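In what follows, a single structure is set out as structure tokens and then discussed.
What you see is a predicted model; the values in this text were computed from it and never measured.
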Amino acid sequence: MPTFELGRPELDVAAGKSRSSIRTLSDDEGARYRVATVPAGSGQALVLAQSLESQDLILTKLGTVMLVSGGLGVLAAALAGWAVATNGLRPVRRLTSSVEKIAVTEDLTPLRVEGDDEVARLATAFNQMLGALSASRDRQRRLVADASHELRTPLTSLRTNLDLLAQASSDGSADLPEAARRELLDDVRGQIEELTTLVGDLVVLAREDHPETAVGALDLAEVTERAVTRVRRRAAGVDFDVRLEPWAAQGDATALERAITNLLDNAAKWSPADGRITVRLVSGVLTVDDQGPGIKPADEAHVFERFWRSEESRSMPGSGLGLAIVRQVVDQHGGRIVVGEAPGGGTRMSLWIPGVPAEHPA
């Protein structure tokens, strides 16, 4: 029979000071008991004790079960998380592998897109980037191919003329007549100037259509006036009818002046010796009309392409890059340019650059 020591709580119940008492006590052997005390008459109390061995055994087993179950649950959750992560990251790994392959092989074939989740959106964005890179590379290849073709003719002619001059100046050779020598030197000088212009145009066009520009406030009328002044000097036989309205804009004044100069040079090249070039700037639209033969409707879609030249212009000076530079500058400024027929015959080039809102006083 277990023995344990009662205390103040049980005496308070016997004395009537407390209605009941419940607490846990341990006997001499350390076993735990649940002891309940209730009044049992005058100055007496009934003490009931029940061993907690069975409850402790159940709690011990329950703790073991909870520990094992918790460990298995954590393990199962870890395995499930690993499986989900592996399956979820598989498209990312496939995308990473494809991108690494593109970086090594430079094969810009679009990636395969599956589903409509975030990874699919990322693959779609990569495909858009690959398309832009492919288009850029194709433009560069065409530019290099066209440039090599255009440079070959003046370089061959220049080398031939220099060989003739060298042979004429070598010992034992007959002297070249002075008139022929001057003609050859003038031809060499002209070819060098043509090569200089061509190389400069190629540098402008080779900067991926996004060269660094000095952007600032400008008046398109002033820019056009400077361009007209430049072209007037080298097209003395052509009359210029110029009427310009102010148009405030934001952009690169140097690039715009070059583009407008190219338009005027093109008009002067096609105008007859006593022709007139009409230049108007109204509401931000710059029109340049010449009195030349005009452009065939079938050729209008090609006039702004690099190195494109009509059959009529192949015997005339020029590289076929001037109007391509105009289109590039206009696109950089968010504008537009169109080609059409002038009211009095000839060609009309219409250029528009976005303006900036006028500031109103407060």
For this session: Go through the steps to decide whether R243 and L281 satisfy the test side-chain contact (heavy atoms from CB on, under 4.5 Å), and finish with yes or no.
Result: CA-CA 7 Å; R243 295 180 187 176; L281 177 57; over 6 Å; no

Problem set entry | Steps toward side-chain contact (heavy atoms from CB on, under 4.5 Å) verdict (L323, N266) | CA-CA 8 Å; L323 294 182; N266 184 75; 4.2 Å; yes

Exercise. Considering all heavy atoms of both residues, which atom of A249 and which atom of I353 are nearest to each other, and what is their separation?
Worked result: CB-CG2, 4.2 Å

Problem set entry | Donor-acceptor contact present, side-chain S97 to main-chain R93, <3.5 Å | no

Problem set entry | Beyond-backbone contact of V279 with L286, side-chain heavy atoms, under 4.5 angstrom | yes

For this session: Let me know which of D56, T24, D27 forms a side chain to side chain donor-acceptor pair (under 3.5 Å) with R32.
Result: D56

Exercise. OG1/T37 to CG/L46 distance, rounded to the nearest 0.5 angstrom?
Worked result: 8.0 Å

Problem set entry | Approximate separation, where rounding is to 0.5 Å, of R34 CZ and S51 OG | 13.0 Å

Exercise. More than 12 non-hydrogen atoms from neighbouring residues, nucleotides or ligands closer than 6.0 Å to CZ on R232, yes or no?
Worked result: yes

Problem set entry | Cluster overlap V38 with L48, hydrophobic side-chain contacts below 4.5 Å | yes

For this session: Please examine the side chains of V68 and L72, heavy atoms only from C-beta on, and report whether any two atoms are closer than 4.5 Å.
Result: yes

For this session: Begin from the C-alpha positions of I337 and L263 and carry the test side-chain contact (heavy atoms from CB on, under 4.5 Å) through to its verdict.
Result: CA-CA 11 Å; I337 183 168; L263 283 181; 3.9 Å; yes

Exercise. Under 4.5 Å between side-chain heavy atoms, hopping through other hydrophobics if needed: is there a path connecting V13 to L25?
Worked result: no

Exercise. For atom CZ of R226, is the number of surrounding heavy atoms from other residues, nucleotides or ligands below 6.0 Å larger than 12?
Worked result: yes

Exercise. Is any side-chain heavy atom of L218 less than 4.5 Å from a side-chain heavy atom of Q250?
Worked result: no

For this session: State, yes or no, whether a side-chain contact exists between Q332 and Q328 at a heavy-atom distance under 4.5 Å.
Result: yes

Seminar exercise, completed: In this structure, CZ of R276 is separated from CZ of F240 (nearest 0.5 Å) by 12.0 Å

Seminar exercise, completed: Closest non-hydrogen atoms of L130 and T109, given as atom of the first, atom of the second and distance, are CD1-O, 3.8 Å

For this session: Answer with yes or no whether the hydrophobic clustering places I102 together with M129; edges join I, L, V, M, F, W, Y residues whose side-chain heavy atoms lie under 4.5 Å apart.
Result: yes

Exercise. Tell me, do V113 and N127 make a side-chain contact under 4.5 Å, heavy atoms counted?
Worked result: yes

Exercise. When you look at CD of E53, are more than 12 heavy atoms from neighbouring residues, nucleotides or ligands closer to it than 6.0 Å?
Worked result: no

Problem set entry | Side chain R280, main chain D241, donor-acceptor under 3.5 Å | yes

Problem set entry | Distance-minimising heavy-atom pair for I295 and M349 | CD1-CE, 4.3 Å

Seminar exercise, completed: The reported gap from CG in D265 to CZ in R258 (rounded to nearest 0.5 angstrom) is 10.5 Å

For this session: Keeping the roles fixed (side chain from T261, backbone from E257), state whether a donor-acceptor pair exists under 3.5 Å.
Result: yes

For this session: Using atom types as modelled and distance alone, determine if a side-chain donor or acceptor of H333 lies under 3.5 Å from a backbone N or O of D252.
Result: yes

Exercise. Are the side chain of D219 and the backbone of W247 linked by a donor-acceptor contact shorter than 3.5 Å?
Worked result: yes

Problem set entry | P293 side chain reached by W270 side chain, heavy atoms, under 4.5 Å | yes

Exercise. To the nearest 0.5 Å, what is the distance between CD (E100) and OG1 (T96)?
Worked result: 6.5 Å

Problem set entry | Closest non-hydrogen atom pair between P343 and D289, with its separation | CD-OD2, 3.8 Å

Seminar exercise, completed: Heavy-atom closest pair (S21 atom, P9 atom, distance to 0.1 Å) is OG-CB, 3.3 Å

Problem set entry | In one Ile/Leu/Val/Met/Phe/Trp/Tyr side-chain cluster, 4.5 Å: L52, V35 | no

Problem set entry | G275 backbone acceptor or donor facing Q291 side chain under 3.5 Å | no

Exercise. Between E10 and R23, is there a salt bridge with N-O shorter than 4.0 Å?
Worked result: yes

For this session: Without swapping roles, check the side chain of D290 against the backbone of T347 for a donor-acceptor pair under 3.5 Å.
Result: yes

Exercise. Of all heavy-atom pairs between A221 and L244, which one has the smallest distance, and what is that distance?
Worked result: O-CD1, 3.4 Å

For this session: Could you tell me whether D107 and K101 have a side-chain N and a carboxylate O separated by less than 4.0 Å?
Result: no

Exercise. Do E225 and V242 have side-chain heavy atoms sitting under 4.5 Å apart?
Worked result: yes

Problem set entry | Close side-chain approach of V47 and L6, heavy atoms under 4.5 Å | yes

For this session: Look up atom OG in S283 and atom CH2 in W352, then write down how far apart they are to the nearest 0.5 Å.
Result: 11.5 Å

Problem set entry | Shared hydrophobic cluster for L122 and L133 (ILVMFWY, side-chain gaps under 4.5 Å) | yes

